[in-house]
Amino acid sequence: MLPTFAYIRARSLDEALQHLAGGGARVHAGGTDLIGCLRDHVFQADKVVSISAVPGLRGIAAGRDGALRIGALTTVADVARDATVRERYRGLAQAASDVASPQLRHQGTIGGNLCQRPRCWYFRGDFHCLRKGGTTCYALAGESQYHCILGGARCYIVHPSDAAPALLALGASVEIAGPRGRRTVPLDEFFVLPSTDVQRETVLQPGEVVTHVVVPRPSTGVRSSYRKVRARGSWDFALAGVALALRFDGDRVADGRVVLSGAAPVPWRSREAESAIMGNRLEPAVCRRAAEAAMANAVPLKRNGYKVPLFAGLIEEELEKLGRA
Ligand SMILES: Cc1cc2nc3c(=O)[nH]c(=O)nc-3n(C[C@H](O)[C@H](O)[C@H](O)COP(=O)(O)OP(=O)(O)OC[C@H]3O[C@@H](n4cnc5c(N)ncnc54)[C@H](O)[C@@H]3O)c2cc1C
């Protein structure tokens, strides 16, 4: 059953920020994640502030510099079907199309997708784990099939978003409004590892709202993709995923990013894989070396060792495919 809380439907960003400033308040966008968390007592809220009626936070527009500005309230479905996204940011279109089910993509927003809470069954369940202020990560000795193999420390969640790795690969930033004004944060610096803070997943401070996601115009020669492997053919979170955004000079990789989903508590940039492909043609031996390099520092838990070969195969296949595209 849902606990009792005050519900405010803000009519402007200022009104939303005023209500969020008091503490104990939560942002409500599409509600697909928030309402489940409140119902299951994952966290509490005295006040839920809906931003769905705030003007200016919905839609996709190309700016004068050619960058794409996506309002935080734009649904994941609208991102997936936008003509410019499909033409210039293929990896993002693929990732958005892979999020959850059609119903959730039509209700869930891109801002909510980046800010959603982790899906760890201990965190979501009736366990007072580290992330909820307890003293134990139950995954360490428990059921760790869906947990991380990279970047874990004390807590071993994986970041649940499909859009985040694709956006990070494309060099996106988020615009944030809060009680102390506005700021822009590159996605590279937006997500927080458990070694920095075990109780939050982003740098958002209390009372702050993501207002827009900005994706720079891709330079000439950039190709991007996203592919995810899931346990079931229907909707599901990524067991393993890889987002690529690579700039080619002729048939060689000149620059680019390799970002993994389902691997780490944050969308995980594999600099090892990036170094292995830089300046090279994406021939099978290069792709294999890059995949091995990406997994060289993996530390599986008791039950998720399968992820290492799964990621290696996925990265190798995706690099080869993008090389041929
Ligand atoms: C059954 C199920 C399956 C799913 N499968 C996938 C999947 O395969 N891949 C995937 O990527 N996602 C998946 N999701 C997550 C889904 O995509 C997200 O729930 C959705 O995108 C969140 O958007 P929302 O607008 O509903 O967020 P809300 O539920 O409204 O909010 C989510 C969280 O973000 C905060 N928040 C929301 N918007 C903002 C903002 N603008 N600024 C600051 N904080 C904000 C809220 O306070 C809340 O904590 C799944 C969800 C469900 C329920």
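Counting starts at 1 for both ligands and their atoms, following the listed order. Please read all numbers here as calculations on a predicted model, not as lab measurements.
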At under 4.0 Å between heavy atoms, is it the side chain or the backbone of Leu57 that contacts ligand 1, or both, or neither?
neither
Are the charged groups of Arg119 and Asp33 less than 4.0 angstrom apart, N to O?
yes
Are Arg289 and Glu292 within salt-bridge range, i.e. N to O under 4.0 Å?
no
Is any side-chain heavy atom of Pro118 closer than 4.5 Å to one of His159?
no
Could you tell me whether Lys228 and Asp162 make a salt bridge, using a distance below 4.0 angstrom between a side-chain N and a carboxylate O?
yes
Is it true that Arg154 and Asp197 have a side-chain N and a carboxylate O under 4.0 angstrom from each other?
no
Any N or O of Gly30 that comes nearer than 3.5 Å to an N or O of ligand 1?
yes
With heavy atoms only and a cut-off of under 4.0 Å, state how Arg119 meets ligand 1: side chain, backbone, both or neither.
side chain
Checking heavy atoms under 4.0 Å, the part of Ile35 that sits near ligand 1 is neither
Thr211 near ligand 1, heavy-atom distance under 4.0 Å?
no
Suppose we call two aromatic rings close when their centres sit under 6.0 Å apart. Are Tyr138 and Trp121 close by that rule?
no
With the threshold set at under 4.0 angstrom, would you say Arg105 reaches ligand 1 through any of its heavy atoms?
no
Can you tell which part of Leu73 has a heavy atom less than 4.0 Å from ligand 1: side chain, backbone, both or neither?
neither
